[in-house]
Amino acid sequence: MENIEWGWSDRLKLSYGPMDETHVEFVTLCAALGKGAPDTFIERLDALIAHSVEHFEQENRWMEETNFPPVGCHKQEHDSVLEIMREVRSRYLAGETDLGQKLAEELPHWFEHHVDTMDNMLARFMVAWNKEPAPASAAGQTPA
């Protein structure tokens, strides 16, 4: 597998600490996907998938707790990229190893676009609504 150089940069920073921290971890795991021996690709992909599930569930909770208007579109994009990662995993194990390289090449482009658009809107919304997501017990209430 060809080594693909990509990593965290301030260009991805959204100035919403909890989101930026999660994004640094995503970028680190995503960058690792394109590096290393083919026999450890599934291990690296599994780590990225596990992180992505938690990462996307957290963002989904924030959107639901704050009544973020475009929640449906944002959640759909999360679901779609997870489905693609899982499909690549399955097909890689079935012998289509070229898909691992393709995922490692394309996922950074998707993520940069997702951060620039959907996550940027969510981060701005979160900052505007008291800088923190509403506590779970306050879900459905309008933040002060």
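The structure presented is a predicted model; accordingly, all values stated were derived computationally and were not measured. Reckoned from all heavy atoms, side chains included, excluding hydrogens, waters and symmetry mates.
Put simply, OG1 on Thr40 and CG on Leu33 are 10.0 Å apart, with the number rounded to the nearest 0.5 Å. Between Met121 atom CE and Leu14 atom CG the span is 11.5 Å, to the nearest 0.5 Å. The CG atom of Leu48 sits 7.5 Å away from the CG atom of Leu103 when rounded to the nearest 0.5 Å. In this structure, CE in Met19 is found 14.0 Å from NZ in Lys13, a value given to the nearest 0.5 Å. Considering CG of Asn60 and CG of Leu122, their distance stands at 9.5 Å, rounded to 0.5 Å. For the atom pair Ser15 OG and Met126 CE, the distance stands at 14.0 Å (nearest 0.5 Å).
Using a 4.5 Å cut-off on side-chain heavy atoms (C-beta onward), Arg44 and Lys35 make no contact. Considering only heavy atoms from C-beta on, Thr97 stays 4.5 Å or farther from Phe41 through its side chain. With contacts defined as side-chain heavy-atom distances shorter than 4.5 Å, the pair Leu12/His23 does not qualify. Within the 4.5 Å cutoff, no side-chain heavy atoms of His55 are placed close to those of Val53. Between Trp110 and Val81 there is a side-chain heavy-atom pair separated by less than 4.5 Å. A 4.5 Å side-chain heavy-atom check between Thr22 and Gln58 finds every atom pair outside the cut-off.
In this structure, Glu43 has no side chain to side chain donor-acceptor pair (under 3.5 Å) partners at least two apart in sequence or on a different chain. Residues forming a side chain to side chain donor-acceptor pair (under 3.5 Å) with Glu54 (at least two apart in sequence, or on another chain): none. Applying the side chain to side chain donor-acceptor pair (under 3.5 Å) test to Gln76 and every residue at least two apart in sequence or in another chain returns Ser80. Under the side chain to side chain donor-acceptor pair (under 3.5 Å) criterion, Thr117 pairs with no residue at all, not counting sequence neighbours.
Listed by first and then second residue, the salt bridge (Lys or Arg N to Asp or Glu O under 4.0 Å) pairs involving residues 20-30 amount to none (not counting sequence neighbours). Residues in residues 81-90 take part in these side-chain hydrogen bond (donor to acceptor under 3.5 Å, both in side chains) pairs, two or more places apart or across chains: Asp46-Arg89.
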Stepwise, does the side-chain contact (heavy atoms from CB on, under 4.5 Å) test hold for Leu45 with Tyr92?
CA-CA 10 Å; Leu45 180 56; Tyr92 189 95; 5.8 Å; no
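Between Ala104 and Gly34, the shortest heavy-atom distance links the atoms CB-CA, 3.6 Å. Nearest heavy atom pair, residue Ser52 against residue Phe26, reads OG-CE1, 3.3 Å.
Using cut-offs of 30° and 60° on the angle between ring planes, the pair Tyr16 and Trp62 is perpendicular. Below 30°, between 30° and 60°, or above 60°: for Phe68 and Phe125 the angle between ring planes is above 60°, a perpendicular geometry.
Defined by atom type and a distance below 3.5 Å, a donor-acceptor pair is present between the side-chain atoms of His74 and His78.
A salt bridge is defined here as a Lys NZ or Arg NE, NH1 or NH2 lying under 4.0 Å from an Asp or Glu carboxylate O, and Glu65 with Arg61 fails to meet this definition.
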